[in-house]
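Below: the structure, in structure tokens.
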Amino acid sequence: MKKRIKKISALLAMLSLTVFLTACSNAPITEHSTGLWDGLIVLNFSRAIIWLSKFFNDNYGIGIIIFTIIIRIIILPLMIFQTRSMRKTQEIQPQLKALQQKYSSKDTETMQKLQEEQRKLYAEAGVNPIAGCLPLVIQLPIIFALYQAIWRTSVLRTGHFLWLQLGGAKDPYYILPILAAVFTFLSSWLNMKGQPESNSMTTMMTVGMPLIIFFTALNVPSALSLYWVVTNAFQVGQTLIIQNPWKIQREREEKIKAERDRERAKQKAIKKAKKSKRK
């Protein structure tokens, strides 16, 4: 529990740091921008959005949407890896709990033994506990770079999409923050539904993360809220296709049924063997 709380706190701190850093530089991004961050990353983000927008009569909102989808497709292999890793982690939760009960003492020797047994279990199941953080670690710089590209490129900063001023104002009707929160909730709920068992921590995250996204989206430009809406909507579709919770539950039930059938067949074989010996 403490490890999970520390992990969540670290992730929230990273998100807060990203939002804070968005105000660090206001120097315009132009073709003369140099450096690893400005010249290579932010400038190319800006160019990509503008280039995509040209296919839609310079509609920068659609450019951001298409750019977001492209980014999600690029990092899709990593997301699939994370999804599979998370599923493996969920499936070994009963074994992890059994180990925690077996080595429940808090003395140093017992705790070292618990950690050793957990490492063995992770290795046997092919689980990397750190893998779940990688997609978030990668997405944070993307969010930061996207904000910088819009805020520091004048044509994007003053661009409009539907009722939104992309770079210079928040959504006046709170539609994007609400949608971002809704899609975040759906994504978290679908992930939780696919788990073999839920706990207070996963329930708290399912409810808490949408609230964090909602209140954060209230205080950032519309373009960033638009990115969150699209990326979380993509995540919902990705979960339904790759990690469909109803399919996972069905497969888990079939696996349990198959194990029970094997156990019954084994018991019948033992009884039959005993009867044969008596004769």
Side-chain angles (χ1 to χ4, degrees), residues 12 14-30 33 37-38 41-75 135-136 138-188 208-238:
L12 294 180
M14 291 170 67
L15 178 60
S16 302
L17 180 61
T18 300
V19 174
F20 172 76
L21 288 174
T22 55
C24 289
S25 178
N26 291 322
I29 289 294
T30 68
S33 297
W37 180 253
D38 285 1
I41 299 176
V42 179
L43 175 59
N44 284 313
F45 270 43
S46 175
R47 284 173 171 170
I49 295 170
I50 293 172
W51 182 77
L52 290 168
S53 301
K54 290 185 182 300
F55 292 96
F56 303 93
N57 296 319
D58 291 327
N59 189 318
Y60 300 116
I62 295 180
I64 291 171
I65 292 173
I66 301 299
F67 179 78
T68 302
I69 293 173
I70 291 172
I71 291 293
R72 292 294 306 192
I73 291 173
I74 290 173
I75 66 173
L136 180 60
I138 290 175
Q139 287 185 74
L140 285 175
I142 292 173
I143 294 173
F144 186 23
L146 177 66
Y147 177 90
Q148 290 273 300
I150 294 167
W151 179 255
R152 298 168 62 188
T153 305
S154 59
V155 68
L156 295 179
R157 182 177 181 180
T158 56
H160 289 78
F161 176 61
L162 299 177
W163 68 92
L164 307 167
Q165 184 181 342
L166 294 171
K170 310 164 190 175
D171 182 348
Y173 304 116
Y174 310 115
I175 294 175
L176 290 184
I178 291 172
L179 287 176
V182 168
F183 283 122
T184 301
F185 171 79
L186 288 175
S187 177
S188 301
M209 280 306 296
L211 292 175
I212 292 171
I213 291 295
F214 174 74
F215 287 109
T216 304
L218 290 177
N219 297 288
V220 296
S222 301
L224 198 54
S225 296
L226 181 62
Y227 171 84
W228 278 337
V229 170
V230 176
T231 197
N232 285 316
F234 189 99
Q235 178 69 31
V236 170
Q238 174 187 302

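Computed from a prediction, not measured in an experiment: that's the story for all the values here.
Summarising the geometry of Thr153 relative to Ser46, their closest heavy-atom pair is OG1-OG, 2.9 Å, with the distance given to 0.1 Å. The nearest pair of heavy atoms linking Gly63 to Ser53 is CA-OG, 3.5 Å. A pairwise comparison of heavy atoms in Ile213 and Ala181 identifies CG2-N, 4.3 Å as the closest pair.
Checked by atom type, the side-chain pair Asn232/Thr184 shows a donor-acceptor distance below 3.5 Å.
Remark: Tyr173 OH to Ser222 OG distance equals 11.5 Å, nearest 0.5 Å. Note that CD1 of Ile41 and CD of Gln148 are 11.0 Å apart. Values are rounded to the nearest 0.5 Å. The distance from atom CE of Met209 to atom CZ of Phe185, rounded to the nearest 0.5 Å, is 13.5 Å. Considering OG1 of Thr68 and CG of Leu52, their distance stands at 10.0 Å, rounded to 0.5 Å. Going from atom CG of Leu226 over to atom CD1 of Ile62 covers 10.0 Å, rounded to the nearest 0.5 Å. Atom CD1 of Ile66 is separated from atom CG of Asn59 by 10.0 Å, given to the nearest 0.5 angstrom.
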Checking Trp228 against Thr216 for the side chain to side chain contact (heavy atoms under 4.5 Å, CB included) test, could you report, in this order, the C-alpha distance in whole Å, the side-chain angles of both residues, the deciding distance, and whether it holds?
CA-CA 11 Å; Trp228 278 337; Thr216 304; 3.4 Å; yes
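Scanning for side chain to side chain contact (heavy atoms under 4.5 Å, CB included) contacts around Leu43 gives Ile29, Arg47, with sequence neighbours left out.
Checked against the 6.0 Å centroid threshold, Phe45 and Phe67 count as a close aromatic pair.
Ile178 pairs in a side chain to side chain contact (heavy atoms under 4.5 Å, CB included) with only one of the listed residues (Leu176, Val182, Ile175), which is Val182.
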